[in-house]
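The model shown is predicted, which means the values in this text are computed figures rather than measured ones. All heavy atoms count here, side chains included; hydrogens, waters and symmetry mates do not.
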Amino acid sequence: MNLTLEALQILDMIDRKGSFAAAALALDRVPSALTYSVRKLEDDLDVLLFDRRGHRAKLTAAGLELLTEGRHLLHAADDLEQRVKRTATGRETELRIVLNSIIPFAKMLPLIAAFDREAGDTKLRFVPGVLSGTWEELMAGRADLVIGATLDGPEIVRTSGRFQTRPLGVVDWAFAVAPDHPLADAPEPLSPELVRQHRAVAVGDSSRSNPGITMGLLAGQETLTVPGVDDKLRAQLAGLGCGHLPRFWAQHYLDNGALIEKQTIMSKPHENFLIAWPKADQGKSLKWFLHQLSQPEIQHSLLGPVIP
């Protein structure tokens, strides 16, 4: 057989990284080895897989077709590896965790250290997720656990019976601006019409294929979209916009005057955050995390004050 899983992994990484050199670094290989593998595959299949005329390695139509279908094989092989590992030891080869940016990754470090002492043979892979993007990763089979899912999830999550959720905690929000922002001295409560005149800072939905959703924004309001809650906080501290911040992120700056809380007519309600996971094929590592995340002290820690 000319086509191998290794060849598909190489194509996948080149496409994701955009160049042979970057892919070689990610795969801990030398670029010449990747170039040889791709050229050999092209010769064996008698097709051109990459258009090499530009700076970025771009798939040809044939290459895109091969990789699109090949990724299904890669996912199937990964699932098979996971099942074999669970059958032999009860533990997953890898646990893929989506972490909402509302939770600083630093707060996960004690939990990771405790997990390493219990089950160091399971690799942990954390990826960020925001709004509907957290559910997308779960539904697509790219995540084993979501920490900090928002809302109740798409209808398929609620009706399919494939997923399970549990409360993580409730987040209180504060509408805040920098002291030199035009809204800092405006009379309260701020009307929607007044707030709409000023740029909002919003964390972008991380969904890649589903329509993104927004929260706390007014129709027609100019928006600065940033990657995560930490970036939103920094932008509002710099006076670059207004908006609701999780109180446990903002409290330190509200206390020292770096941010000013303003009351609005349309306040953002408290929001329930969840953990979510697939019901099927629960290994020991996932069960360990589910048990830990059910502990009130850990929940309070994850959604507790952020110290600069």
Do [X] side-chain atoms and [Y] backbone N/O form a donor-acceptor pair below 3.5 Å?
| X | Y | answer |
| --- | --- | --- |
| Trp249 | Val229 | no |
| Lys279 | Arg162 | no |
| Trp135 | Thr150 | yes |
| Asp255 | His252 | no |
| Glu188 | Gln263 | yes |
| Arg166 | Ala276 | no |
| Gln221 | Val195 | yes |
| Lys262 | Pro189 | no |
| Thr165 | Leu274 | no |
| Glu42 | Leu49 | yes |

For the [atom1] atom of [X] and the [atom2] atom of [Y], what is their distance to the nearest 0.5 Å?
| X | Y | atom1 | atom2 | answer |
| --- | --- | --- | --- | --- |
| Leu48 | Leu59 | CG | CG | 10.0 Å |
| Thr35 | Ile10 | OG1 | CD1 | 9.5 Å |
| Leu183 | Leu190 | CG | CG | 5.5 Å |
| Met108 | Phe105 | CE | CZ | 7.0 Å |
| His181 | Leu237 | NE2 | CG | 12.5 Å |
| Leu286 | Trp277 | CG | CH2 | 8.0 Å |

Would you mind reporting whether [Y] and [X] have side-chain heavy atoms less than 4.5 Å apart?
| X | Y | value |
| --- | --- | --- |
| Val146 | Glu137 | no |
| Ile103 | Phe273 | no |
| Thr225 | Val203 | no |
| Arg29 | Ser37 | yes |
| Trp173 | Val171 | yes |
| Val127 | Ile97 | no |
| Leu34 | Ile14 | yes |
| Pro182 | His198 | yes |

*Output, in order, the C-alpha distance, side-chain angles, deciding distance and verdict of side chain to side chain contact (heavy atoms under 4.5 Å, CB included) for Leu66 and Leu45.*
CA-CA 11 Å; Leu66 175 62; Leu45 298 177; 4.1 Å; yes
Between [X] and [Y], does any side-chain N to carboxylate O distance fall below 4.0 Å?
| X | Y | value |
| --- | --- | --- |
| Asp12 | Lys17 | no |
| Asp44 | Lys40 | yes |
| Arg247 | Glu261 | yes |
| Asp78 | Arg96 | yes |

Nearest heavy-atom pair of [X] and [Y]: which atoms, and what distance?
| X | Y | result |
| --- | --- | --- |
| Ala178 | Ala184 | O-CB, 3.6 Å |
| Leu302 | Lys107 | O-CD, 3.6 Å |
| Leu254 | Ala176 | CD2-CB, 4.3 Å |
| Ala235 | Val201 | CB-CG1, 3.9 Å |
| Gly257 | Pro179 | O-CG, 3.2 Å |
| Gly243 | Gln236 | O-NE2, 3.2 Å |

When hydrophobic residues are tied together by side-chain contacts of less than 4.5 Å, even through go-betweens, does [X] share a cluster with [Y]?
| X | Y | answer |
| --- | --- | --- |
| Leu145 | Leu109 | yes |
| Leu64 | Val47 | yes |
| Val30 | Phe20 | no |
| Val170 | Ile102 | no |
| Ile112 | Ile275 | yes |

*In chain order, what residues pass the ring-ring contact (aromatic ring centres under 6.0 Å, His included) check against Phe175, with sequence neighbours excluded?*
His244
For [X], I'd like to know if atom [atom1] has over 12 heavy atoms of other residues, nucleotides or ligands within 6.0 Å.
| X | atom1 | result |
| --- | --- | --- |
| Arg125 | CZ | no |
| Asp46 | CG | no |
| Arg234 | CZ | no |

Distance-only criterion, 3.5 Å: show the donor-acceptor pairs between side-chain atoms of residues 287-295 and protein atoms not counting sequence neighbours.
{"residue": "Ser294", "atom": "OG", "partner": "His291", "partner atom": "O", "Å": "2.5"}
{"residue": "Gln295", "atom": "NE2", "partner": "His291", "partner atom": "O", "Å": "3.1"}

*Could you walk me through whether Gln9 and Leu74 pass side chain to side chain contact (heavy atoms under 4.5 Å, CB included), step by step?*
CA-CA 7 Å; Gln9 289 170 338; Leu74 291 175; 3.5 Å; yes
*Test side chain to side chain contact (heavy atoms under 4.5 Å, CB included) applied to Phe50 and Thr60, step by step*: CA-CA 5 Å; Phe50 283 99; Thr60 63; 5.7 Å; no
*Could you walk me through whether Ile147 and Asn100 pass side chain to side chain contact (heavy atoms under 4.5 Å, CB included), step by step?*
CA-CA 6 Å; Ile147 303 176; Asn100 192 310; over 6 Å; no
*For Ser285 and Glu92, does a side-chain donor sit closer than 3.5 Å to a side-chain acceptor?*
yes
*Run the numbers on Glu222 and Arg196 for salt bridge (charged side-chain N to carboxylate O under 4.0 Å, His left out), then give the verdict.*
CA-CA 8 Å; Glu222 181 185 354; Arg196 187 180 290 111; over 6 Å; no
